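Below is one structure, written out as structure tokens; the observations come after it.
So you know, we letter chains A, B, ... as the sequences are listed, proteins then strands, and number each from 1. In this text the structure is predicted, and so the values were computed from the model without any measurement.
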Amino acid sequence: MEKYNPSEFESKWVKVWDEAGIYKAKDFDSKPKKYILFEFPYPSGERLHVGHGRSYTALDAMARKYRMQGYNVLLPIGWDAFGLPAENYAIKMGVNPAVTTKENVANAKAQVKSWGVSIDWDREINTTDPKYYKWTQWIFLKLLEKGLAYQSEVAVNWCPFCKTNLADEEVLADGTHERCSNQTERRMQKQWVLKITAYAERLLEDLKTVNYLPKIRIQQENWIGKSEGVHLKFELKGHPERSEGSSLTVFTTAIDTVFGATFMVIAPEYAQNLHELIPANSQKTVTEYIKNALKKSELERQTQDKTKTGVDTGIKVINPLSGKEIPVFVADYVLSNYGTGAVMGVPGHDTRDFEFAQKYSLPVIIVIKPEENEVIDFWDYNKIKEYRGKSILINSGKYDGMTAKEAKEKLVNELVEKGIGEKTVNFHLRDWVFSRQHYWGEPIPVLHCPKCGIVPIPEDQLPVKLPYVEKYQPTGTGESPLAQMTDWVNTTCPKCGGPAKRETDTMPNWAGSNWYFLGYLITGHPERSEGSSSGVSGRTVWYIPSLDSSVSPQNDIFSENKDIFEYWMPVDLYNGGMEHTTLHLLYSRFIYKFLYDIGVVPTSEPYARRTSHGMVLGPNGEKMSKSRGNVINPDETIKAYGSDTFRLYESFMGPFDQTIAWSEEGVEGCYRFLRRVWVLASQGDALRNQTSQSLKRALAKTIKKVGEDIDKMKFNTAVAAMMELVNAWTADKNGLSNEDLKKFLLILAPFAPFITEELWQRDVESLNSGNLDVKNSNRWSIHQQSWPKFDPKLIEDEETIIVIQVNGKVRSQIRAGSKMREARSEIEALAKSNDRVLKYLEGKEIKKVIFVPGKLINFVI
RNA sequence: GCCGUGGUGGCGGAAUUGGUAGACGCGCAGGACUUAAAAUCCUGUGGUAGCAAUACCGUGCCGGUUCGAUUCCGGCCCUCGGCACCA
């Protein structure tokens, strides 16, 4: 008997499947469609790691099963090749990123192929291909046209190591850059910004229409951070005729505490504009404070110890409800870019305000009290909101005695009526800084004309190709390396014909991933005929990463492919890492909604369902990293055990969404399992004539469980079920018949596509004694067969074990057939006569008998 | 501090409309095969006591509901992830 030696056949099948094109998805097929998507990788110098493997092999198992169940499945891949990782690698190697990216893509592609992922390779994309980023730029122009892209002098996050600006989402809580872990700084700079905040409400609201893993949905909700409240005017004392307005406006979500507002605090940036209101005697200290506060970077303001500082401006305002005169302080704990930049200080019910009031000896008034607790000096408003009993207003004039909820409604109505308040909504979400001062990204397709201002590049001149640059290292001056390319930068204005300069900022690496799942769908376009042939189908790879590939003018691919979008969208299942929940996932939803609004896509949400896979840690339980020396290279695992083992272990290691440490011994166990399958399946025909009834039953149960578990993404228990079956199979004298063996191979196929194909083909050959004719047969491969059926009666008829309990403790058990297990009186009689049970029942009075059909009987004595 | 996850044998984990806790894998122990080792196969494997049948204990901690709780309720501790002066 041959030994199980996966290296002898795995690479063969990769080639055969590729050439036969068995994983191609068909547009407009009459079968129901399933669009299964995983996040496309960025091909840096590192090879794909076991984390990619976890996501890809799991979704591949689903794709394979759905294909077997008669779905028209699309499982595509591409390369997110612009951005910092690729550029940093290129700088390290001293080679232009265009060159290294090409190599890295080739390497990653070879890996994915060797894993046996059932990709439709005709749809491969690359974000750095001009034919692709032409449309990334086109989307930008549309955003510009609709006023959703604008330039603004903004405080940006500057990474001194990567020498570029970053989006808020790319900076971690401790102020470091998520990619390189260096401290970032804040700088003021003119930047392109996308108005994602215009979509805040819809990005939040539409989460209700999609099926996201709850933790993903909640994280998005928190990031968008909607809070409903009130804008409330406080009259300035002694400035009734002021032209800019005679009041200061605060934002509050706790209007029911307004009687407790004993001071107001404004942000330093805001105080700057109120200079003329500040009395002469406090001018000096206030100006000083503002100066110091503004000098501090945002980072310092955030990370320094959170003791509150501030100074009294000398300005007085009137609390519109209590009528009391209150002081206005300036303090840097109030943010200028949230709400109005001014807040009312309610020290009785807000910890920050309380701290501030203590420090500056400001009065504390309690305006809400819990029902039974009479003496308090502070009661957190957050607790009031959750308080189950009644929270009653006190010290609040005519609102005394009302519950907080009641008072809130009445107060809002009164304030709105009087014209001093209005309902408002605020979001934590900020607009998206879209400029990067880097070489390796999509050029922003505009130019600056001294006469006409910002001029978009006309659509028919897209793409604005990234020119070849000798010096692509970041400059550190805040300018892109492109700025040094004077030949490229200096151009003529398409509007007035005068001299103009190109925009030298490029887009962030998120730009290409905003719409890549649409890129996979675009087919049949003339431009697809360029590039190298990918195989027998005659279809070709469309996007080749190359800086000098020619791009001919063409029509709008979006409107031309509308019917294809309608067929495939939305994505049925999208899996990726949790780290992209507030980045890519939110950004791409925003851009997709925009595309929906301008009529190019058929749905308002791109992803019907979003899941995430857990991180794979190193064998020592720590995050894998080179410095820790605990990186597992999938290539080595595959070399030692084969792809099937690698795939099977990735599925078996633990619950899909949970973080798990890699275990080499676990890999070994999966290898042993596959080897046992190999040996058992290779046994001679004489041994495989008929399957025993009990093994038939076990097989039926396994088919059922594996199918259900794949649907539920419980890959680990699906594999465990198959292992269980193999244990039963090993113990069984007869083994599985040919027919049943095939069924088993079919359910194993989504997880271990190579060994099952190899065994399947041997079997087919031995049965038909014909050679495998790939080209002339539609359904030659195991992966083109139908998902096996099982006889539900087999499972139903099985004897079950009925547990006998006395006072809830298990004392014995009896076996019962399918008819018996529902029959209470018979079971009860049997149980009572059971020797072991009798011991406990003897001489005792049975008070109660609890019977759960098919499960247990419990005697309470 | 807030939001979210999770806590089960020596280890990864299984089982929740409340119903035999520990499937499956790893590890370990014993046995078979072998000159020997590796590999493979078989058997056992939560803890305590016992030769054994068996009994008691056992799902982070404390309490509650129930005939019965890993599962439900109340309170607490810890892990990991996210957010964080957001009014």
Side-chain angles (χ1 to χ4, degrees), chain A residues 3 172-174 213-219 221-223 225-227 229 250-254 257 261 265 267 301-304 306-308 331-335 337-346 350-353 355-356 380-382 426-430 578-579 581-582 614-615 617 621 648-649 652-655 657-670 672-673 675-676 679 714 716-727 730-731 801-813 836 839 847-852 854-861:
Chain A
K3 278 169 102 177
L172 303 178
D174 61 359
L213 219 63
K215 63 175 172 182
I216 298 174
R217 194 198 68 234
I218 289 163
Q219 213 168 298
E221 284 170 357
N222 291 344
W223 189 266
K226 181 179 180 175
S227 49
V250 301
F251 172 69
T252 178
T253 56
T257 64
V265 193
R301 272 167 78 170
Q302 274 176 20
T303 51
Q304 274 179 354
K306 303 206 171 159
T307 48
K308 311 281 173 284
D332 62 7
Y333 80 84
V334 175
L335 305 176
N337 54 0
Y338 184 77
T340 61
V343 299
M344 62 184 199
V346 185
D350 183 281
T351 43
R352 284 186 319 263
D353 295 345
E355 200 187 309
F356 195 79
D380 194 337
Y381 188 76
N382 292 319
N426 263 302
F427 293 95
H428 289 187
L429 186 69
R430 305 286 154 81
M578 276 309 282
E579 71 274 20
T581 302
T582 52
M615 221 196 314
L617 303 176
L648 201 74
Y649 176 65
F652 183 61
M653 65 194 303
D657 58 353
Q658 201 169 299
T659 302
I660 307 270
W662 187 266
S663 153
E664 209 55 37
E665 292 76 27
V667 176
E668 184 84 36
C670 289
R672 282 181 206 154
F673 164 75
R675 188 172 50 196
R676 288 171 75 191
V679 171
K714 294 175 73 173
N716 53 331
T717 50
V719 174
M722 289 187 283
M723 287 175 167
E724 239 177 301
L725 180 77
V726 168
N727 289 343
T730 307
I801 289 163
I802 308 281
V803 171
I804 308 171
Q805 295 182 336
V806 178
N807 277 354
K809 290 200 171 172
V810 179
R811 296 303 178 187
S812 187
Q813 45 183 243
R836 292 178 46 190
K839 226 166 65 182
K847 285 186 186 155
K848 204 171 164 189
V849 179
I850 287 143
F851 178 70
V852 183
K855 288 243 166 93
L856 60 76
I857 184 156
N858 185 15
F859 298 102
V860 185
I861 56 172

Just the rounded figure in Å: distance from [atom2] of [N] to [atom1] of [X].
{"X": "I216(A)", "N": "C83(B)", "atom1": "CD1", "atom2": "P", "value": "15 Å"}
{"X": "I218(A)", "N": "G4(B)", "atom1": "CD1", "atom2": "P", "value": "6 Å"}
{"X": "E579(A)", "N": "G82(B)", "atom1": "CD", "atom2": "P", "value": "10 Å"}
{"X": "L213(A)", "N": "G4(B)", "atom1": "CG", "atom2": "P", "value": "14 Å"}
{"X": "L335(A)", "N": "A87(B)", "atom1": "CG", "atom2": "C1'", "value": "9 Å"}
{"X": "N426(A)", "N": "C85(B)", "atom1": "CG", "atom2": "P", "value": "15 Å"}

Wobble G-U and Watson-Crick pairs count when both distances are under 3.5 Å; given that, what is the 5' to 3' dot-bracket string of RNA chain B, with | for pairing to other strands?
((((.((..(((......[....)))((((((.......))))))((((....))))..(((((..]....))))))).))))....
Hey, which of D332(A), V343(A), V250(A) is the one that makes side chain to side chain contact (heavy atoms under 4.5 Å, CB included) with V265(A)?
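Filter result, single survivor: V343(A).
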Work out how far the [atom1] atom of [N] is from that of [M], and round it to whole angstrom.
{"N": "C61(B)", "M": "C11(B)", "atom1": "P", "value": "15 Å"}
{"N": "A23(B)", "M": "U16(B)", "atom1": "P", "value": "15 Å"}
{"N": "G46(B)", "M": "G22(B)", "atom1": "P", "value": "9 Å"}
{"N": "U5(B)", "M": "A21(B)", "atom1": "P", "value": "28 Å"}

OP1 or OP2 of [N] sitting under 4.0 Å from any side-chain N/O of [X]?
{"X": "K848(A)", "N": "U66(B)", "result": "no"}
{"X": "R672(A)", "N": "G25(B)", "result": "no"}
{"X": "N716(A)", "N": "C24(B)", "result": "no"}
{"X": "Y381(A)", "N": "A87(B)", "result": "no"}
{"X": "N727(A)", "N": "G25(B)", "result": "yes"}
{"X": "S227(A)", "N": "A87(B)", "result": "yes"}
{"X": "R811(A)", "N": "A55(B)", "result": "yes"}
{"X": "K855(A)", "N": "A15(B)", "result": "no"}

Pi-cation contact, Y333(A) with K308(A) (under 6.0 Å, within 45°):
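Yes, cation above the ring, under 6.0 Å and within 45°.
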Just checking [X]: base, sugar-phosphate only, or nothing, at a heavy-atom cut-off of under 4.0 Å?
{"X": "I850(A)", "result": "base"}
{"X": "K714(A)", "result": "sugar-phosphate"}
{"X": "E221(A)", "result": "nothing"}

Look at the side chain of Q805(A) and the base of G19(B), then say whether one donor and one acceptor between them are separated by less than 3.5 Å.
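Per atom types, the contact qualifies.
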Report yes if a donor N or O on one partner sits less than 3.5 Å from an acceptor N or O on the other, where the partners are the side chain of K308(A) and the base of C85(B); otherwise report no.
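A donor-acceptor contact between them is present.
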In chain order, what residues pass the ring-ring contact (aromatic ring centres under 6.0 Å, His included) check against Y338(A), with sequence neighbours excluded?
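Y338(A) satisfies ring-ring contact (aromatic ring centres under 6.0 Å, His included) with H428(A) once adjacent residues are dropped.
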Base orientation of G27(B), syn vs anti, 90° cut from 0:
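Here the answer is anti: the torsion falls beyond 90° from 0.
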